[in-house]
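These notes concern the structure reproduced below.
A, B, ... follow the sequence lines: proteins, then strands. Residue 1 opens every chain.
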Amino acid sequence: MRPITLALPFILVAGAASAEGCPSWQIGDLTITNAWSRATIGTNRPAVFYAEIANAGSEDDALVTISTPVAEMPMLHETVVRDGVASMPHAMSVPVPAGGSVGLAPGGFHGMLMGLNAALAQGESFPMTMTFEKAGEVTVEVGISAMNARGPECLTDGS
Amino acid sequence: MRLTTLQKILWIAAILASILFVAGRMWLPAQPQISSAATGELRPQFDLPDGADRMRSSTEFRGQWLLVFFGFTNCPDVCPTTLSEVAEVMEGLGRRADRVQPIFISIDPERDRALGIDDYTAAFHPRILGLAGDAAQTRAAADSFRIYYEREAAEQAPDGYTMSHSPGLFLIDPDGLWQRQYSYGTPAAQILADLQERF
């Protein structure tokens with residue numbers, strides 16, 4: 001019961017937020033929303049990519065690669081906290097279950113954008129092509145929030 | 001079947017209790033994990049240079065509450081998320097924020113000194129103090145807080161390595177005593193409420 005009751009407020013928040021008009025992208029049965037990143041200082045540190053993927057179809061799918069002109073080496077990673085230690089192994093793919101959704105979100109799956117070609121500036125955006133095992137490719141526009149943001153600017157005030 | 005007054009009262013009480021239980025489950029956050037240190041018995045120490053190369057010591061912060069986080073600036077997810085929570089806590093404390101000193105201790109000090117630690121911490125909150133020492137100073141500080149960190153070879157990561165580390169946020173009281181850990185992912189509102197109960 002606990003996971004459901006704890007998740008409920010977040011599900012409600014996510015629902016309300018997308019109704020307010022965060023942009024969304026569609027590929028087959030998949031809908032991508034809340035694509036966001038954090039601003040960077042210069043290009044020497046990796047940036048991050050977060051998004052929400054919903055699968056309205058009856059077949060499981062998976063996000064297998066991401067690519068963007070802003071970074072030479074974008075990779076899918078997952079933050080794992082095991083026995084009180086956080087590590088960030090490379091994720092081969094991010095499962096998007098049939099009828100379900102998955103978040104690339106702080107503390108879980110995320111895109112790690114290494115080899116930045118330019119600093120990411122708050123308020124700007126960049127394209128990100130997401131390739132799914134079955135649905136294929138879709139390019140979304142990723143909004144850049146403040147470095148200390150905890151969510152996309154279309155959801156919060158970005159401060 | 002007719003219910004006696006007592007039965008009715010018991011039924012109403014049972015229903016109210018169920019509602020309260022469910023509501024409590026919905027709104028009470030998960031219990032943060034408790035670190036192995038016993039509250040008020042551990043006095044963690046550090047002697048580390050700040051971004052301007054001044055040595056900073058745990059003893060100079062007596063009289064203030066410390067929020068201490070170990071991390072590295074090349075970390076795209078865990079570290080920005082935690083430092084953002086810390087920034088939110090500092091804003092939420094308002095005028096009482098001057099009783100709290102947030103400290104970010106680099107566990108990847110060589111690279112972080114080269115990249116610059118001050119501009120990194122300042123991007124989250126101007127009050128966060130970034131410290132990055134040498135290998136021995138860093139290991140001593142981590143041991144004193146009983147935290148784990150390790151360099152891991154990662155072929156595709158920048159410079160060929162990444163760091164795994166204990167991601168908790170530690171609260172040290174004005175006497176320098178370890179009070180508690182806020183485990184990774186504890187919402188800022190919960191940290192703020194806990195701090196506001198203490199001072």
Side-chain angles (χ1 to χ4, degrees), chain A residues 1-10 12 37-50 71-90 104-116 120 122 145-151 156 158-159, chain B residues 21-30 33 35-36 70-88 91 111-112 114-116 119-120 122-125 128 146-150 152 154-159 162-168 181 183-185 187-188:
Chain A
M1 156 167 191
R2 185 165 210 125
I4 295 167
T5 51
L6 285 174
L8 196 56
F10 298 103
L12 294 174
S37 179
R38 291 193 181 101
T40 65
I41 303 169
T43 58
N44 288 329
R45 299 186 181 97
V48 75
F49 164 61
Y50 298 124
E72 297 298 328
M73 199 194 292
M75 286 176 81
L76 293 169
H77 281 264
E78 183 180 16
T79 296
V80 177
V81 182
R82 189 177 295 128
D83 298 331
V85 176
S87 60
M88 212 179 56
H90 171 53
L104 273 64
F109 288 113
H110 56 275
M112 180 170 176
L113 314 182
M114 293 174 283
L116 287 182
L120 303 186
Q122 183 185 356
S145 297
M147 205 163 152
N148 63 359
R150 297 188 297 160
T156 65
S159 60
Chain B
F21 177 77
V22 171
R25 277 298 180 98
M26 278 189 68
W27 297 113
L28 280 179
Q33 95 194 44
S35 169
S36 55
F70 288 81
F72 64 114
T73 75
N74 249 270
C75 147
D77 182 42
V78 171
C79 308
T81 301
T82 301
L83 292 177
S84 302
E85 301 286 348
V86 169
E88 184 83 9
E91 290 304 310
R111 183 162 62 178
D112 282 346
L115 289 170
D119 59 349
Y120 182 79
F124 293 95
H125 197 279
I128 301 174
R146 300 186 185 174
I147 75 116
Y148 167 92
Y149 71 95
E150 189 173 50
E152 286 180 354
E155 207 176 299
Q156 289 171 306
D159 309 316
T162 185
M163 305 296 300
S164 57
H165 62 111
S166 307
Q181 167 180 209
S183 60
Y184 174 64

Side chain, backbone, both or neither: which part of [X] has a non-hydrogen atom closer than 4.5 Å to chain A?
| X | answer |
| --- | --- |
| B/Ala188 | both |
| B/Gln156 | both |
| B/Tyr148 | side chain |
| B/Tyr120 | both |

Sequence neighbours excluded, the answer for side-chain contact (heavy atoms from CB on, under 4.5 Å) partners of A/Asn44 is B/Leu115

Does a side-chain heavy-atom distance below 4.5 Å link A/Met112 with B/Pro158?
yes

When you compare the side chain of A/Phe109 with that of A/Leu76, does any pair of heavy atoms fall below 4.5 Å?
no

Residue from A/Arg150, A/His110, A/Arg38 passing side chain to side chain donor-acceptor pair (under 3.5 Å) with B/Thr81
A/Arg38

Atom group of A/Met114 that falls short of 4.5 Å from chain B, counting heavy atoms:
side chain

If one checks every heavy atom of A/Ala105 against chain B at 4.5 Å, the contacting part turns out to be backbone

Over all atoms of both residues, closest heavy-atom pair of A/Gly108 and B/Asp77
N-OD2, 3.8 Å

Hits for ring pair (Phe, Tyr, Trp, His ring centres under 6.0 Å) against A/Phe49, two or more places apart or cross-chain, chain-then-number order -> none

Give the member of A/Val85, A/Thr79, A/Leu113, A/Val48 that has the highest number of heavy-atom pairs under 4.5 Å with chain B.
A/Val85

When only pairs under 4.5 Å are counted, which of B/Ala87, B/Cys75, B/Pro80 shares the most heavy-atom pairs with chain A?
B/Pro80

